[in-house]
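First the structure, in the form of structure tokens, and then the observations on it.
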Amino acid sequence: MALWGGRFTQAADQRFKTFNDSLRFDYRLAQQDIDGSIGWSKALVSVNVFTAAEQKQVEAALLELKEVVANNPEMILQDDAEDIHSWVESKLIEKVGDLGKKLHTGRSRNDQVALDIKLWCKQEITSLQQAIRHLQSQLIFTAENNQNTVMPGYTHLQRAQPISFAHWCMAYFEMLERDYSRLADAYRRLDTCPLGSGALAGTAYAVDREQLAKDLGFTRATRNSLDSVSDRDHIMELLSAASISMVHLSRYAEDLIIFNSGEANFLELSDRVTSGSSLMPQKKNPDACELIRGKAGRVIGSLNGMLVTVKGLPLAYNKDMQEDKEGIFDALDTWHACLDMAALVLEDIKVHHEKTRNAALKGYSNATELADYLVAKGVPFRDSHHIVGEAVVYAISKAKALEELRVDEFKRFSDVISEDVYAILSLESCLNKRCAKGGVSPQRVAEAIAEAKALIK
Ligand code: ARG
């Protein structure tokens, strides 16, 4: 039975019903809708719509329903109710008869759906935060095992200065830490309960909305009924947090794809997260990483869709808002799956330490060291930069690394260079010198790892 119909003399066209119904996707809000309904039934006792005994009966029926739904949420899809709110109400009426018909007193689907989606978002935030923590701990673990893995660091995808693989891992740890805190911020802001706002102007029943908010696990009740039923900021904010994090995961995936390529051959992704080609027997493709990179586009698309959908809407509720759900469901599911996959990829990654080290030795990534060496001997940095540039050109012409030049060859460019230059040109020296906070020196990286461990405990 539809929730409305008294005002209508004609039945809905089946094609319109299919177009309009949201049960197909909002069935995922069943638990939240039932929790919200239990909360509302209690509020209705305080305004004498239900007696305490009636409320108990309604609550028991709703809890029963909740259990059925928990075991088999898809069974909801068998029904042709308009949306999850109608579905829950009709099931309640099946169970408790006329009593169930009182539940919607003073409530609207507008405040109801606003509540349900917020409850869902809160739960989802917690589970996404766990997934982030899991990936972070995998990064820490991988960093710990690769503190001595030297590899080239890049700018412009040109070998720039040597870094350690551990330092690379910890860079992504930091990005994820910000993603985590963005979720925490979003949670704090959305933690207000819209129920009791009615359709738009507030409910005509003098329920204690602060008490209701507490009962439903919120910090407080929303302050303005018009805003309560039309606010979708939390959806936009979560989609934005998801998009930013997906950009991080996409860059992570891209780095790994490059490192795993035949050209770099810095590491090998495990058979567990790669796939073969149907034609070329030799191939092992980094599909997990490519899909993470690819799915970023789709999550960003959901953010864009939501912003554009809400942009021109007059206050308060409009049916356009029903379009929030598929986007947020898909985006958060996708984000979660990518976080999990990003962690799995790290699980048995095989880093080729010799390869990364050899690559770091090439590409003149110790040129900055030579410039600093000259500075230490009194040459102004701008001059030393130029001198080293010339030395690099010379070394390239001889197909040698800087540390392979003889002292007399160095002297062509600056006579302050002597035997002690070789010590500073070693990879270890390059790393050790970057010992200011946040730098790549092994000691700093070890500290960063220790800090990170403490942070996510
Ligand atoms: N299915 C609707 C949605 O998701 C529920 C709210 C319906 N409200 C209404 N006034 N028709 O937005």
Side-chain angles (χ1 to χ4, degrees), residues 1-8 10-37 39-40 69 73 76-77 79-93 103-124 190 193-204 216 222 224-239 302 305-333:
M1 188 190 72
L3 292 180
W4 39 269
R7 188 208 181 286
F8 291 77
Q10 266 193 310
D13 188 294
Q14 187 53 46
R15 288 162 297 186
F16 165 69
K17 181 168 162 48
T18 308
F19 186 67
N20 186 53
D21 287 0
S22 54
L23 189 68
R24 175 171 64 75
F25 46 88
D26 68 14
Y27 78 97
R28 289 183 63 172
L29 299 175
Q31 302 280 336
Q32 291 74 14
D33 200 79
I34 293 171
D35 288 342
S37 296
W40 188 242
V69 162
I76 302 171
L77 296 170
D79 204 276
D80 90 333
E82 178 182 336
D83 54 25
I84 191 59
H85 324 296
S86 335
W87 186 83
V88 169
E89 196 174 319
S90 68
K91 292 293 146 190
L92 177 68
I93 293 168
L103 178 65
H104 209 56
T105 313
R107 186 175 69 166
S108 158
R109 277 185 296 165
N110 297 352
D111 58 352
Q112 202 178 347
V113 75
L115 169 74
D116 293 0
I117 197 80
K118 276 188 164 180
L119 287 172
W120 184 85
C121 286
K122 286 174 68 166
Q123 185 182 314
E124 214 53 29
L190 76 74
C193 180
L195 195 59
S197 297
L200 75 161
T203 185
L216 291 170
T222 52
N224 178 293
S225 62
L226 273 182
D227 177 48
S228 305
V229 294
S230 61
D231 165 25
R232 293 293 181 277
D233 288 12
H234 40 287
I235 311 268
M236 297 176 205
E237 212 172 331
L238 281 177
L239 286 171
S302 294
M306 191 62 205
L307 292 170
V308 177
T309 297
V310 177
K311 176 185 167 294
L313 297 185
L315 288 188
Y317 179 84
N318 300 266
K319 197 58 170 274
D320 313 47
M321 288 175 166
Q322 179 165 289
E323 291 296 313
D324 60 356
K325 288 174 204 66
E326 285 164 291
I328 188 81
F329 290 160
D330 181 69
L332 297 195
D333 288 350

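Since we're looking at a predicted model, the values are computed, not measured. Both counts, for ligands and for their atoms, begin at 1 and track the order of listing.
Side-chain contact between Ser230 and Met321 is present, with at least one heavy-atom pair separated by less than 4.5 Å.
Applying the 4.0 Å criterion to heavy atoms of Gln322 picks out, from ligand 1, the atoms 1 (N), 2 (C), 3 (C), 4 (O), 12 (O). Atoms of ligand 1 lying under 4.0 Å from any heavy atom of His85, numbered from 1 in the order shown and given with element: 5 (C). Listed by number with element, the atoms of ligand 1 under 4.0 angstrom from any heavy atom of Lys325 are 3 (C), 4 (O), 12 (O).
The closest heavy-atom contact to atom 10 (N) of ligand 1, among the options Asn110, Asp83, Leu29, Asp21, comes from Asn110.
The backbone N or O of Thr105 sits less than 3.5 Å from a side-chain atom of Trp40, completing a donor-acceptor pair.
Not counting sequence neighbours, the partners of Glu82 by the side-chain contact (heavy atoms from CB on, under 4.5 Å) test are Trp4, Asn20, Asp21, Ser86, Arg109, Lys319. Applying the side chain to side chain donor-acceptor pair (under 3.5 Å) criterion to Ser228, with sequence neighbours excluded, gives Ser197, Thr222.
Under 4.0 Å is where a charged nitrogen must lie from a carboxylate oxygen, and between Arg232 and Glu323 no such pair does. A salt bridge does not link Lys325 to Asp83: none of the charged side-chain nitrogens sits closer than 4.0 Å to a carboxylate oxygen.
In this structure, the protein non-hydrogen atom closest to atom 3 (C) of ligand 1 is Tyr317 OH, 3.2 Å. Here the protein heavy atom with the shortest distance to atom 11 (N) of ligand 1 is Arg109 NH2, 3.7 Å.
No heavy atom of Glu82 sits closer than 4.0 Å to any atom of ligand 1.
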